[in-house]
Protein chains: 2
Amino acid sequence: MRPAESDYAANVTLGIIEGKWKLLLLCHMHNGTKRFCEFTSLIPGLTQKVLTYQLRELEANGLVERKIYPEIPPRVEYSLTAYGESLVPLLDLMNQWGQDHQKLKAALE
Amino acid sequence: MRPAESDYAANVTLGIIEGKWKLLLLCHMHNGTKRFCEFTSLIPGLTQKVLTYQLRELEANGLVERKIYPEIPPRVEYSLTAYGESLVPLLDLMNQWGQDHQKLKAALE
DNA sequence: CGGCATCCCTCGTGATACTG
DNA sequence: CAGTATCACGAGGGATGCCG
């Protein structure tokens, strides 16, 4: 994760949500608690190592809660914290803008 | 710039605004048209090469207009397009969230 | 199942020098 | 002033294999 360079606060936010799959992870968790293996089936191309890493970063920033069930076979569930939910408006806005942008690009062809 | 991986539209937005200095550049242009050299004095640590590159990406996405004045010495001015202005609410939201996040982190110490 | 360890490679960024 | 041209580096991400 990029350190928050310069004191522009938006860069702090960017540093937290940037990462190839983080937005997608947040989005899926917003739709409900997910298990580790669910992500890999929901998101083709996402490898375990990277998934682990990005979930840990989200967790470190307090956006995500990691619940371990001491069972055999092991079960770990990930969910958005209340703090993570505070990002939802931002995700929605980014999603909306991205959709509009894609439509605009498509219209130019 | 990262290609828009997966079809989650927010990722498209992320791909467009990510870059170490892009948010800052957008922010400064929102405060008014800027010349090339102004950026390098406004933003310590930003080199000419990277500035050029990031401005070109913003321009390629239609967010920024580049106006060349055929004078000696040369003058080039950069400003937000109307389309670029459509990102301002997003920048504000990111900035607000980032500020809150920093306050929260500070309060935890 | 839910990881961690290791190797590798690409890409964004940085440093520096040069040009019209 | 506003770039372009090279070289270099580190981090993020991908592939694979092993473990409790």
Side-chain angles (χ1 to χ4, degrees), chain A residues 1-6 8 11-26 28-29 33-61 64-79, chain B residues 1-6 8 11-26 28-29 33-61 64-79:
Chain A
M1 190 171 17
R2 167 177 308 163
E5 205 106 15
S6 87
Y8 184 40
N11 256 338
V12 177
T13 308
L14 182 58
I16 288 176
I17 63 175
E18 84 179 337
K20 194 167 176 179
W21 313 99
K22 285 203 190 135
L23 291 178
L24 219 41
L25 294 176
L26 292 171
H28 281 304
M29 281 183 279
T33 297
K34 294 279 175 298
R35 297 183 55 168
F36 186 86
C37 68
E38 285 187 88
F39 288 119
T40 57
S41 49
L42 281 169
I43 309 176
L46 173 55
T47 62
Q48 289 187 331
K49 174 196 148 185
V50 176
L51 174 57
T52 303
Y53 190 64
Q54 305 222 347
L55 282 171
R56 291 292 149 81
E57 285 189 338
L58 294 172
E59 190 191 358
N61 284 312
V64 164
E65 190 187 10
R66 182 165 171 256
K67 227 177 223 162
I68 307 175
Y69 297 84
E71 311 170 349
I72 302 290
R75 182 157 61 106
V76 180
E77 288 185 348
Y78 294 89
S79 56
Chain B
M1 189 168 20
R2 168 177 306 161
E5 204 106 14
S6 87
Y8 184 41
N11 256 339
V12 178
T13 309
L14 182 58
I16 288 176
I17 63 174
E18 85 180 336
K20 194 165 174 180
W21 312 99
K22 284 201 191 135
L23 291 178
L24 219 41
L25 293 176
L26 292 171
H28 281 305
M29 281 184 280
T33 297
K34 293 280 175 299
R35 299 184 54 170
F36 186 85
C37 70
E38 284 187 270
F39 288 118
T40 57
S41 49
L42 280 169
I43 310 176
L46 174 55
T47 62
Q48 290 186 331
K49 174 193 146 187
V50 176
L51 174 57
T52 302
Y53 190 65
Q54 305 222 345
L55 283 171
R56 291 292 149 81
E57 287 190 337
L58 294 173
E59 190 192 358
N61 284 312
V64 164
E65 190 187 10
R66 183 165 170 255
K67 229 178 221 160
I68 307 175
Y69 297 83
E71 310 170 347
I72 303 290
R75 182 158 61 108
V76 179
E77 289 185 347
Y78 294 88
S79 55

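Residue numbering restarts at 1 for every chain, and letters A, B, ... go by the order of the sequence lines.
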| What distance do A:K22 atom NZ and A:Q54 atom CD have between them, rounded to the nearest 0.5 Å? | 5.5 Å

| query | A:L58 CG to D:dG12 P: how many Å, rounded? | reply | 14 Å

| remark: CG of A:L23 to CG of B:N11, rounded to nearest 0.5 Å, is 5.0 Å

| D:dA11 P sits how many Å from B:K20 NZ, rounded? | 11 Å

| field | Closest to side chain of B:P74, choosing from C:dG20, D:dG14, C:dA15 | value | C:dG20

| said: If the cut-off is 4.0 Å, is A:Q54 near the phosphate of D:dG12, judged by side-chain N/O to OP1 or OP2? | reply: no

| task | Identify, with sequence neighbours excluded, every residue that meets side chain to side chain contact (heavy atoms under 4.5 Å, CB included) alongside A:I68. | result | A:R66, A:V76

| Residues two or more places apart in sequence or in another chain: which of them pass salt bridge (Lys or Arg N to Asp or Glu O under 4.0 Å) with A:E38? | none

| request: Could you check how far CD1 of B:I72 sits from P of C:dG20, rounded to whole Å? | output: 12 Å

| message | How many whole angstroms separate atom CD1 of B:I16 from atom P of C:dG12? | response | 14 Å

| said: Report for the helix from C:dC1-D:dG20 to C:dG20-D:dC1: angle between first-end and last-end helix axes, five pairs each, rounded to 10 degrees. | reply: 50°

| request: Applying side chain to side chain contact (heavy atoms under 4.5 Å, CB included), name anything that partners B:E65, two or more places apart in sequence or on another chain. | output: B:K67, B:S79, B:T81

| request: Could you tell me whether the side chain of A:L25 reaches within less than 4.5 Å of the side chain of A:Y78, counting heavy atoms only? | output: no

| query | Separation of B:E57 atom CD from C:dT13 atom P, in whole Å? | reply | 8 Å

| query | What integer distance in Å separates A:L14:CG from D:dG12:C1'? | reply | 14 Å

| query | Among all residues two or more places apart in sequence or in another chain, which pass the salt bridge (Lys or Arg N to Asp or Glu O under 4.0 Å) test with A:R75? | reply | A:E71, A:E77

| If every non-hydrogen atom of B:I17 is compared with every non-hydrogen atom of A:L14, which pair is closest and at what distance? | O-CD2, 4.0 Å

| message | Rounded to whole Å, how long is the line connecting atom CZ of B:F39 with atom P of D:dC1? | response | 15 Å

| remark: Heavy-atom contacts, protein to nucleotides 3-8 of chain D, under 4.0 Å, summarised as B (base), S (sugar-phosphate only) or - (none) per nt, yield BBBBB-

| said: Can you tell me if B:R35 touches the phosphate of D:dA2, counting only side-chain N or O atoms and a distance under 4.0 Å to OP1 or OP2? | reply: yes

| Value in whole Å for how far the C1' atom of C:dC1 lies from CD of A:E77 | 13 Å

| request: Just grab all the side-chain hydrogen bond (donor to acceptor under 3.5 Å, both in side chains) pairs involving residues 41-52 of chain A, residues at least two apart or on different chains. | output: none

